[in-house]
Colleague: 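One structure follows; several queries about it will come next.
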2 protein chains.
Amino acid sequence: MTRPGTSSLAPPADLDSAIERIRSHGGRVTAGKRALAELLYAEQRSLTADEIVALLGDHDRSAIYRSLAQFEELGIAEHLHLGHGQAVYRLAGLPTVPVLCSACGATFHINRSHTRAFVERVSKHTGVTLDLTHFPLTGTCQQCAATIR
Amino acid sequence: MTRPGTSSLAPPADLDSAIERIRSHGGRVTAGKRALAELLYAEQRSLTADEIVALLGDHDRSAIYRSLAQFEELGIAEHLHLGHGQAVYRLAGLPTVPVLCSACGATFHINRSHTRAFVERVSKHTGVTLDLTHFPLTGTCQQCAATIR
DNA sequence: TTCTTTGCAAAATGTTTGCAGATAC
DNA sequence: GTATCTGCAAACATTTTGCAAAGAA
């Protein structure tokens, strides 16, 4: 299975370290991979494969998927599944937890600080170490909550 | 978009109420739907479409998907996405939150009581009303945590 | 009888794979 | 020079859709 969080490497500090990491692990730094890495560092947010294709312009999808897979192995990027449809990709180790609004479909982020006590409680009571960054949480955003009732 | 938690109906108390709900909303109670509902009530857990097909025996997949969709509209069932690949389906309103172990791939459940304070905190600070039952959380189970290090 | 549902086949969606030529190192 | 990468086409896995026949109320 393709598992999130498979890489044991710490997220690289910046774009240059990421590029260097590709090379030092036997990968070739191609124009496509460099553009992809630059995009992820520039955006600092979750992007669907479609968005990546659109933002990169003339690039092959399968090459992008392969580059993203390599980035994940190298601890540079990670992907999340938003449920129905597409996954999203982003830099590894961002300090936020993605939340999908089940009413309007928008994705937003809450700071990881909110999750700490919860993660500790679950760990203490159940032995399970949660990692809330690999799948989005689901909820209703403020606007939608207001609209619905 | 196919949204989780779309139904505003409370989960039916038992199988008979579920059956009655189908009928009272203009649905026909067929042998297939009855078998599916019985299965969900008997198992009280998340099942993949494959498992459902296997457990029900000779049933058409598209009919099962359509029945599950109807059950969701009626507030009888809900589905979750475990990421790569298949979704899982289960009765609506179960008092547990699914957790996917990112190391071994197993799905288990933690009691909803653990999530209450967290949900309140996020609501207060961000305005977002989390619903943690519609997507699994991700983490590492006790065995895997022990094995890995 | 009427409207819903089934079963089958085909489409749709998002991702993965095989392979030959191009490219980084 | 050689192993990795790209681009293309085809495969894949899961879910959805169209339609005619079957079935529930």
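Naming: A, B, ... by sequence-line order, numbering from 1 per chain. Values below: all heavy atoms of this structure, side chains included; hydrogens, waters and symmetry mates excluded.
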Colleague: In this structure, how many angstroms lie between the C1' atom of dT15(D) and the CG atom of L80(B), rounded?
Modeller: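 Atom-to-atom, L80(B) to dT15(D), this comes out as 16 Å.
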Colleague: Please name the pair of heavy atoms, one in G75(B) and one in A92(B), separated by the smallest distance, quoted to 0.1 Å.
Modeller: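 Where G75(B) meets A92(B) most closely, the heavy atoms are O-CB, 3.4 Å.
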Colleague: Taking salt bridge (Lys or Arg N to Asp or Glu O under 4.0 Å) as the cut-off, I'd like each qualifying pair that reaches into residues 57-69 of chain A, sequence neighbours left out, listed once.
Modeller: D50(A)-R61(A)
Colleague: Take atom CZ of R61(A) and atom C1' of dT17(C), then tell me their distance rounded to the nearest Å.
Modeller: 16 Å
Colleague: Between P on dT14(D) and NE2 on H81(B), what's the gap in Å once rounded to a whole number?
Modeller: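 Distance check: H81(B) NE2 to dT14(D) P gives 14 Å.
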Colleague: Would you find a donor on one side and an acceptor on the other, under 3.5 Å apart, between the side chain of E43(A) and the backbone of L40(A)?
Modeller: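 No, E43(A) side chain to L40(A) backbone: no donor-acceptor pair under 3.5 Å.
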Colleague: Any side-chain N or O of Y65(B) below 4.0 angstrom from OP1/OP2 of dT16(D)?
Modeller: no
Colleague: May I ask you to decide if A18(B)'s main-chain N or O and R23(B)'s side chain share a donor-acceptor pair within less than 3.5 Å?
Modeller: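 No, because the side chain of R23(B) does not come within donor-acceptor range (under 3.5 Å) of the backbone of A18(B).
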Colleague: May I ask you to test the L132(B)-T138(A) pair for a side-chain heavy-atom distance under 4.5 Å?
Modeller: no
Colleague: Within a strict 4.5 Å, meaning less than it, do heavy atoms of the R45(A) and E51(A) side chains meet?
Modeller: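 Contact flag for R45(A)/E51(A) side chains = yes.
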Colleague: Take atom CD1 of I19(A) and atom C1' of dC25(C), then tell me their distance rounded to the nearest Å.
Modeller: 15 Å
Colleague: Verify the contact: side-chain N or O of Y89(B) to OP1 or OP2 of dT14(D), cut-off strictly under 4.0 Å; return yes or no.
Modeller: no
Colleague: Within residues 22-43 of chain B, which residues have any heavy atom lying less than 4.0 Å from an atom of DNA chain C?
Modeller: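 Those residues whose heavy atoms fall under 4.0 Å from DNA chain C, taken from residues 22-43 of chain B in numerical order, are G26(B), G27(B), R28(B), T30(B), K33(B).
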Colleague: Return the value, rounded to whole Å, for the distance between atom CD of E51(B) and atom P of dT14(D).
Modeller: 12 Å
Colleague: Which part of the nucleic acid, if any, lies within contact of A87(B), taking any heavy atom under 4.0 Å across all strands shown: a base, the sugar-phosphate backbone alone, or nothing?
Modeller: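 Contact class for A87(B): sugar-phosphate only.
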Colleague: Does Q70(A) make a side-chain N or O approach to OP1 or OP2 of dT4(D) shorter than 4.0 Å?
Modeller: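 No, Q70(A) has no side-chain N/O under 4.0 Å of OP1/OP2 on dT4(D).
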Colleague: What is the separation between atom CG on L56(A) and atom P on dT6(D), rounded to the nearest whole Å?
Modeller: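 Answer to the nearest Å: 11 Å.
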Colleague: Scan nucleotides 7-13 of chain D nucleotide by nucleotide, 5' to 3', and note B when protein non-hydrogen atoms come under 4.0 Å of the base, S if they reach only the sugar-phosphate, - if neither.
Modeller: BB-----
Colleague: In plain terms, say whether E73(B) and R21(B) are close enough for a salt bridge, that is, a side-chain N and a carboxylate O under 4.0 Å apart.
Modeller: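 Not counted as a salt bridge, because no side-chain N and carboxylate O are separated by less than 4.0 Å.
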Colleague: Are any of the side-chain nitrogens in E38(A) or K33(A) under 4.0 Å away from the carboxylate oxygens of its partner?
Modeller: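 No, this pair does not count.
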Colleague: Apply the side chain to side chain contact (heavy atoms under 4.5 Å, CB included) test between S46(A) and each candidate in R90(A), E78(A), H79(A); give the one that qualifies.
Modeller: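 So, applying the side chain to side chain contact (heavy atoms under 4.5 Å, CB included) to S46(A) and each of R90(A), E78(A), H79(A), only R90(A) qualifies.
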Colleague: E72(B) has an atom CD; how far is it from atom C1' of dT16(D), in whole Å?
Modeller: 14 Å
